[in-house]
Amino acid sequence: MTFAIAHLFPELLGTYGDRGNVDLLAWRLHQREISHEIIEVSVSQKVPTSADLYLLGGGEDDAQIAAMEILNRKAILRKVLSGGGHIFAVCAGFQILGESFPASGGRTVSGLDLLPMETLSVGPRSVGEVLLEPTFSSTPGSLLTGFENHSGQTRFTDVLLPLGRTLRGVGNGLQTGIDGVVTPQIVGTYMHGPALVRNPELADWILERKIGNLEPLSAPIFEQLHNERVAASR
Amino acid sequence: MKLKLIIFAANMLGWVSRATGRGSGVMLTGRFILKLQPRAAQILAADKRVIVISGTNGKTTSTALVQAGISTKYSSATNSTGANLFAGVASALSHNPSAQVAVLEVDELVVPWAIAQTKPELLILLNLGRDQLDRLSEVRVVAHKWKEAVQTLPRNSAILADADDPFAVWAAQDWKKVIWFSSGSLGHIDASTCPECGKVLWWNETGSDFSCECGFARPKPHWVLSTGILIGPNKEKVEVISGIPGKAAIANAARAIVACAQFDISLTESARAVAKIKNVDGRFGDLRIGKTNFRLLLSKNPASWRETLATTQDGPTNVLLVVNANTQDGKDTSWLWDVDFAPLAGRRILVCGERSNDVGARLTVNGIQHQIVRDEVAASRILGEVQADLIASYTAFHRLSKGAQG
Ligand SMILES: [Zn+2]
């Protein structure tokens, strides 16, 4: 079996180095000699519904709405989820999974309604390092490090599990003290760009949720980067 | 206090700063002047013909090139060291108060202020692309500021804008006198949606043309740079030779010649002047550390890294990358993942700087062999007596360029 990663609309949702997450996952699979492919889906292409993992990155307002409209057309991500596919969504990509999100000019745009949450426009913009205590990890002292840059803040409208508790940064904001979301098939976060590069534990956990246990991987540079950013955030 | 006296005092302050080794004093003099006379830039610019230059990439180089051409015919003032905020602009104007022309590099977000203060006769809009997203915010936000600011230009002003850049086009297109320039640059990673209406922007396959169903489209350029020849609206032609290596440098040189033509300087005259510029503000200068002779290169954002990697691909085998993430570099290093470092394959790569682990992770995934070292001195100990390229982000570059030889 070949593990298929679909990178959705990199030209729209790729403002914050988001392809780093795709490249990193592919690299970790390659190191373990697990057969895989990356499907780059541009706006003019048909979105496959049978890939294993879908990545949605961050983007500016107009790009976010354009991406949402394409995905809404044939309820593509609903098909993905009912077919057992997983989604990792970042920032703008995370927001569009909810019921609504804000756009320029004070507008509110309907989202894909896959998660019971809504995003509101809250100033000032949240920019800076993020440090999280993850909800998924059984390793004591485990932390996640990232960088956020967004103006919207997100509120759950029903019970949802966050990705983590914020020790630094805004994350979902609105005084919730949490970041992101975790469901059996979706992981969302405001930690943009190469969040998976900074957090090898998160990268492997996202893969393992879909393909089962992975061999440990020795790659000291990623541990060094992780530890350095955690130390710098404290 | 009279402005003359303020400038005199400010220049003394700058002189003291230089004499005591506390930097060039440019910011210090500028800040001092603006504090005592907030309208100083306006007063100093009033009797000058002003050229304002802005954009994500190529500002400092373009300013030096335009200045070189302009000074063949006029006395001029400029901020040649890349000090492009309020104080830098004020300081530049104060250095030569009797100058006929001022050639001013201006930070993207300072353009509205610069237009209001200096009433430029020519506004040069180069390009907008992702850069220091944590500080400058998203590209479209900056484009909006430009579009609004353009409407405050004096009535007879002209804009020289790049027809290949959708954001420069969108910002400039409502003005009645726009000189469109094309260097044949292709595509734009931040312009996948239309700046006017937000729909997906249509690009042709090569990335040389764009348009939208709302009517927004690439304008037909008046001046075109093609295979090193600049051709004008009346079929006038000149060969463009750049003393600075790289594709972007030739485009900057050609655009500078077009700018000078607006000031009645002949194409051959300005072409000769711009060709003489070999390095700007320490860029492409030489820096000796230990036994190693480094060629100093500045890279600030994805577009400028791509340009530098392409330009230096046939350079020396040894390369040192120095990346920091201070305010002026942008505190977010996610841009590293927008750059394909494959052009470094086959070269010997050393990495240092405050964010060497980020670079190391990026290169690892990119499949580029490399070694992380403590600093430039450690790198030079490993490299020994060789020629090497040193590619540095903003703050590292400015620290190192102080020791560079033009
Ligand atoms: Zn349009």
Side-chain angles (χ1 to χ4, degrees), chain A residues 9-28 30-31 42-44 57-67 69-70 103-104 125 127-129 146-149 151 191-198 200 219-229 232, chain B residues 129-144 187-203 205 207 212 301-302 325 327 330-341 351 354-367 370-372:
Chain A
F9 321 132
E11 69 272 54
L12 294 176
L13 300 176
T15 298
Y16 297 103
D18 297 281
R19 75 153 311 112
N21 288 330
V22 183
D23 291 347
L24 188 275
L25 290 175
W27 186 85
R28 294 188 84 81
H30 178 79
Q31 294 302 306
S42 81
V43 287
S44 55
E60 300 187 14
D61 276 3
D62 292 341
Q64 181 181 23
I65 296 168
E69 282 172 354
I70 298 169
S104 54
R125 215 176 160 80
V127 184
E129 294 283 334
F147 199 94
E148 65 183 336
N149 188 344
S151 57
M191 298 190 297
H192 69 218
L196 300 183
V197 179
R198 283 184 178 204
I221 182 67
F222 300 102
E223 308 301 333
Q224 277 168 35
L225 174 61
H226 175 82
N227 295 339
E228 174 208 299
R229 294 328 301 159
Chain B
R130 61 185 71 181
D131 182 31
Q132 302 180 36
L133 290 165
D134 59 310
R135 178 179 79 89
L136 286 174
S137 173
E138 292 168 349
V139 178
R140 266 149 239 269
V141 176
V142 186
H144 262 281
H188 194 306
I189 54 166
D190 292 294
S192 53
T193 56
C194 172
E196 175 66 27
C197 75
K199 297 250 165 58
V200 174
L201 190 62
W202 173 84
W203 286 86
E205 224 161 85
C212 177
N301 50 47
T327 304
K331 290 186 173 179
D332 180 13
T333 54
S334 65
W335 59 266
L336 282 166
W337 299 85
D338 291 326
V339 180
D340 182 5
F341 288 87
V351 179
E354 292 156 17
R355 299 305 285 269
S356 55
N357 285 330
D358 291 77
V359 180
R362 173 69 191 114
L363 294 179
T364 300
V365 171
N366 221 164
H370 62 278
Q371 184 184 350
I372 295 178

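Chain letters run A, B, ... following the sequence lines, proteins first and then strands; every chain starts at 1. Computation of the quantities below employed the complete heavy-atom set of this structure, encompassing side-chain atoms and omitting hydrogens, waters and symmetry-equivalent molecules.
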At a heavy-atom separation under 4.5 Å, does [X] approach chain B through its side chain, its backbone, both, or neither?
X: T15(A); value: both
X: I65(A); value: neither
X: E60(A); value: both
X: A66(A); value: side chain
X: H192(A); value: side chain

message = Using the side-chain contact (heavy atoms from CB on, under 4.5 Å) definition, which of the options L363(B), T364(B), V365(B) pairs with I221(A)?
response = T364(B)

inquiry  = Whether the side chain of T193(B) engages the backbone of D62(A) through a donor-acceptor N/O pair (distance < 3.5 Å, no angle test) should be reported.
reply    = no

inquiry  = Could you check whether any side-chain heavy atom of R355(B) comes within less than 4.5 Å of a side-chain heavy atom of R229(A), counting everything from C-beta outward?
reply    =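 Answer yes - side chains close enough.
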
key: Student check: side-chain heavy atoms of R362(B) and D23(A) closer than 4.5 Å   = yes

note = Max heavy-atom pairs within cutoff under 4.5 Å with chain B, candidates S44(A), G17(A), A195(A), G128(A), goes to G17(A)

request  = Name the option with the most non-hydrogen atom pairs under 4.5 Å to chain B; the candidates are L12(A), D18(A), V43(A).
outcome  = L12(A)

remark   = ring-ring contact (aromatic ring centres under 6.0 Å, His included) filter on W335(B), not counting sequence neighbours, yields W305(B)

Closest non-hydrogen atom pair, G20(A) against W337(B) = CA-CE3, 3.3 Å

key: Shortest non-hydrogen separation from D338(B) to G14(A) and the atoms involved   = OD1-O, 4.0 Å

Measure the [atom1]-[atom2] distance between [X] and [Y] for me, rounded to the nearest 0.5 Å.
X: Q224(A); Y: S356(B); atom1: CD; atom2: OG; result: 8.5 Å
X: S334(B); Y: R198(A); atom1: OG; atom2: CZ; result: 9.0 Å
X: H226(A); Y: N357(B); atom1: NE2; atom2: CG; result: 12.5 Å
X: E11(A); Y: L201(B); atom1: CD; atom2: CG; result: 11.5 Å

Proximal component of I372(B), with respect to chain A [non-hydrogen, under 4.5 Å] = side chain

task = Please look at R130(B) and chain A and tell me whether the side chain, the backbone, both or neither of the residue comes under 4.5 angstrom of a heavy atom of that chain.
result =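 Only the side chain of R130(B) comes within 4.5 Å of chain A.
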
Partner set under salt bridge (Lys or Arg N to Asp or Glu O under 4.0 Å) for R28(A), not counting sequence neighbours = D204(A)

